[in-house]
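Down below is the structure, laid out as structure tokens.
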There are 4 protein chains.
Amino acid sequence: MTTTKQRLFEATLKLASDRGLAELTVDDIAAEAGVAKGTVYYNFGSKDGLIDALLRYGVGLLAERLREHADEPDPVAGLEALVDTGLAFIAEYRGFSQILVSEMWRTPGRWHETLRPLREEVVSIVKDQLQRVADVGRLPEGVQVSTAAAGLFGTLLVVALDWQVFQPTRTRADVRDSVLLLLRGLAR
Amino acid sequence: MTTTKQRLFEATLKLASDRGLAELTVDDIAAEAGVAKGTVYYNFGSKDGLIDALLRYGVGLLAERLREHADEPDPVAGLEALVDTGLAFIAEYRGFSQILVSEMWRTPGRWHETLRPLREEVVSIVKDQLQRVADVGRLPEGVQVSTAAAGLFGTLLVVALDWQVFQPTRTRADVRDSVLLLLRGLAR
Amino acid sequence: MTTTKQRLFEATLKLASDRGLAELTVDDIAAEAGVAKGTVYYNFGSKDGLIDALLRYGVGLLAERLREHADEPDPVAGLEALVDTGLAFIAEYRGFSQILVSEMWRTPGRWHETLRPLREEVVSIVKDQLQRVADVGRLPEGVQVSTAAAGLFGTLLVVALDWQVFQPTRTRADVRDSVLLLLRGLAR
Amino acid sequence: MTTTKQRLFEATLKLASDRGLAELTVDDIAAEAGVAKGTVYYNFGSKDGLIDALLRYGVGLLAERLREHADEPDPVAGLEALVDTGLAFIAEYRGFSQILVSEMWRTPGRWHETLRPLREEVVSIVKDQLQRVADVGRLPEGVQVSTAAAGLFGTLLVVALDWQVFQPTRTRADVRDSVLLLLRGLAR
DNA sequence: AATGAATGAGACTTCATTCAT
DNA sequence: TATGAATGAAGTCTCATTCAT
């Protein structure tokens with residue numbers, strides 16, 4: 001990862017908090033990064049190319065963090081740690097998370113095809129963790145692990161953003177407990 | 001509500017299923033509504049004015065539907081009906097729901113100040129229903145009704161869109177049961 | 001002159017101080033006059049029709065006032081009174097005077113053909129007064145009365161506006177004396 | 001001054017001879033200059049930005065020419081040369097001069113704040129020349145140099161345009177003599 | 001590896017005018 | 001006599017992209 005690409009990512013992330021991806025201009029991104037406009041095209045070929053790379057980079061970061069709890073001995077504790085880590089990531093990269101929420105379910109949005117496999121990657125991490133919980137019999141009858149994983153991912157995203165935007169005085173621990181309370185519906 | 005404004009809303013809603021807000025052109029909206037482009041500006045002043053009015057209109061529609069279950073004798077059944085109605089609305093107005101998800105947590109986005117009170121309205125309907133559940137002792141200790149209401153609204157939105165976009169073969173009843181399963185964590 | 005037409009004239013005059021005729025919108029004029037837009041078209045047929053009528057009305061007013069000094073026994077005193085009256089008119093109807101200055105020499109401006117004969121009318125009044133001065137031998141050799149009349153009209157307009165806009169603390173008497181000082185170059 | 005800006009100025013100046021500022025379109029200006037429409041916006045930000053810069057450019061050109069006579073040994077001859085140069089400039093850049101006359105006394109017009117200091121600059125050049133005339137005792141008692149300078153500038157503008165528009169058969173020498181005849185009222 | 005002036009398709013917006021009431 | 005919703009031609013402006021340096 002060159003310094004220039006890194007700076008362009010950071011500039012895009014910073015600006016994306018306030019506007020949609022479509023509203024972001026290459027001019028603004030370049031100015032924020034302190035490089036010339038042509039540099040974006042030199043490094044990424046197009047605006048879409050930059051966004052594409054950014055989405056992969058950001059989701060990769062998230063996946064990496066979520067995977068850190070894969071080897072927690074207690075599956076339920078692992079799930080709780082995963083939720084906590086997810087909340088922390090979203091709070092730290094709020095602009096990126098807003099992008100995800102904006103673009104994830106937009107179809108046939110410009111970046112939908114990029115996001116589809118990235119979503120798969122993250123959902124599958126959540127799914128693995130849920131499967132471990134199921135394996136020790138802590139999931140009620142009738143819960144489909146894959147369905148629950150998808151739902152948990154979306155809920156995590158949305159609850160975390162709601163916390164940041166509309167309930168900023170709540171603590172992360174408090175929000176985490178709310179989600180876990182929901183989860184107890186699954187994990188008894 | 002004049003016929004012309006109504007028609008423009010419906011045209012925008014229809015087109016919004018396929019594209020994002022930024023991708024919609026006033027030309028297309030006017031053509032779809034069967035009026036001249038100037039008519040949009042006569043009625044709403046600007047494209048943003050149209051979107052603003054549309055958000056109020058659409059959320060009003062959703063709120064109206066959700067309120068229909070307020071007098072259900074059994075609070076838990078009322079909550080379940082509310083969830084089902086919410087899913088149906090989102091499936092019917094997918095484009096609009098995508099807009100909601102895109103803009104709701106964008107701050108200081110262009111429509112954030114419009115959406116803030118609209119969100120309050122919907123969340124408060126959910127909250128009232130949850131409160132009735134709490135009043136009959138069907139909510140566990142430690143669940144804050146207002147927090148749970150906000151979370152449930154976001155989750156509903158996101159789970160419904162995920163269903164439409166990534167799991168289109170699932171039935172609505174199936175999705176409803178998934179959400180209710182989650183809810184049982186709250187409503188025992 | 002009906003009340004409605006009068007009100008539309010006054011509204012146009014008021015708004016024309018700040019903007020050019022081309023920048024004035026029929027919407028704004030109607031709103032300022034407190035009538036509906038269609039009323040402008042009912043009364044004047046078009047925007048150009050309104051402006052046309054306004055120009056004729058305003059120049060008619062000016063001509064009427066300037067003519068009041070035609071029978072002053074002393075030609076030089078009559079000329080001085082004419083200058084004074086002209087200054088007073090321009091100060092009173094500044095917006096209209098700004099229109100005159102803006103459009104008079106714009107060619108092939110939209111209202112040029114309307115203004116040409118109106119200018120003739122005013123210049124000829126000035127010319128008559130100058131001719132009476134010439135008849136008593138108070139004009140130097142070589143001064144062409146018609147040329148001097150045209151020049152005096154323009155100068156009057158411009159000096160008066162300059163007074164109003166850039167030197168508002170000067171008194172009208174002071175400005176009149178300045179112009180008369182110039183005139184003494186002609187009228188010895 | 002880049003070549004592109006220069007060409008846009010010249011194109012605008014050329015087109016301004018035939019129409020007013022409001023009638024000029026960016027499309028036409030770009031076409032006349034042989035550049036793409038976007039180039040106007042790249043260089044000046046907006047149509048108003050172009051006009052603003054053009055006013056500064058044009059008045060700078062006028063000021064430069066008027067200053068050329070500052071070192072004429074004979075003050076009265078210098079004043080006459082200044083008048084002659086002014087007439088020549090206005091005849092050459094008629095469209096620009098029409099703009100000046102249209103906007104100079106419009107308050108609070110869009111370009112009034114731009115024109116105010118530009119007018120100061122030109123008036124002060126005239127004033128310096130008049131002062132030199134006064135210093136050699138060729139101005140009558142009671143003539144305020146600064147007032148006379150402002151008046152002379154306006155008169156020059158208006159008489160020159162009147163010549164171009166309504167008396168095109170007169171020669172420049174003839175018009176110059178008319179103005180000088182007026183001036184003799186001041187310069188005896 | 002980077003630049004930034006230039007481009008032009010395509011968007012948003014204005015506004016004089018019409019016409020059914 | 002007056003209204004005002006609707007129109008659409010014509011304008012202003014944006015912005016992803018290119019390319020010579």
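Quick note on labels: first sequence line is chain A, next is B, and so on, each numbered from 1.
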Check: According to a 3.5 Å limit on both distances, what stems of 3 or more consecutive Watson-Crick or G-U pairs are formed with DNA chain F?
Finding: E:2-21 with F:2-21
Check: Taking the nucleotide of DNA chain F with the closest heavy atom to each, which residue, D:A22 or A:G45, is nearer the 5' end?
Finding: D:A22
Closer than 4.0 Å, any side-chain N/O of [X] to the OP1 or OP2 of [N]?
X	N	answer
D:N43	E:dA6	yes
B:T25	E:dG10	no
A:T4	E:dA2	yes
A:Y42	E:dA1	yes
A:S46	F:dA16	no

Next item on the list: For C:D28, enumerate each residue passing the side-chain hydrogen bond (donor to acceptor under 3.5 Å, both in side chains) test, keeping only those at least two apart in sequence or located in another chain.
Entry: C:R19, C:T25
Item checked: Any residue meeting side-chain hydrogen bond (donor to acceptor under 3.5 Å, both in side chains) with C:N43, in chain and number order, not counting sequence neighbours -> none
Whole angstrom value for the distance that separates [atom2] of [N] from [atom1] of [X]:
X	N	atom1	atom2	result
B:L24	E:dG10	CG	C1'	15 Å
B:L21	E:dA11	CG	P	15 Å
D:Y41	E:dG10	OH	P	18 Å
A:E23	E:dA11	CD	C1'	13 Å
A:D27	F:dC13	CG	P	17 Å
C:I51	E:dA16	CD1	P	10 Å
D:L15	F:dG11	CG	P	13 Å
B:K47	E:dG10	NZ	P	16 Å

Check: Who are the side-chain contact (heavy atoms from CB on, under 4.5 Å) partners of B:A36, not counting sequence neighbours?
Finding: B:T39
Note to self: Holding to side-chain contact (heavy atoms from CB on, under 4.5 Å), I want the full list of residues that pass it with D:S102, two or more places apart in sequence or in another chain.
What the structure shows: C:S102, C:R106
Notebook entry, point to check: What pairs with A:E64 under salt bridge (Lys or Arg N to Asp or Glu O under 4.0 Å), at least two apart in sequence or on another chain?
Noted result: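 Per chain and number, A:E64 pairs via salt bridge (Lys or Arg N to Asp or Glu O under 4.0 Å) with no residue.
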Next item on the list: Report the residues that fulfil salt bridge (Lys or Arg N to Asp or Glu O under 4.0 Å) with D:R94, sequence neighbours left out, ordered by chain and then residue number.
Entry: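 None.
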Note to self: What verdict does the side chain to side chain contact (heavy atoms under 4.5 Å, CB included) test give for B:F89 and B:L61, after you've listed the backbone C-alpha separation in whole Å, the side-chain angles of each residue and the deciding distance to 0.1 Å?
What the structure shows: CA-CA 9 Å; B:F89 178 91; B:L61 219 58; 4.0 Å; yes
Check: Can you pull the salt bridge (charged side-chain N to carboxylate O under 4.0 Å, His left out) pairs that have at least one residue in residues 30-42 of chain B, sequence neighbours excluded?
Finding: B:K14-B:E32, B:D27-B:K37
Note to self: Can you tell me how far apart CE (B:M104) and CZ (B:R116) are? Round to the nearest 0.5 Å.
What the structure shows: 11.5 Å
Note to self: Short of 4.0 Å, heavy atom to strand atom, which residues of residues 28-40 of chain C count as contacting DNA chain F?
What the structure shows: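 The stretch gives C:V35, C:A36, C:K37, C:G38, C:T39 as the residues lying under 4.0 Å from the strand, ordered by number.
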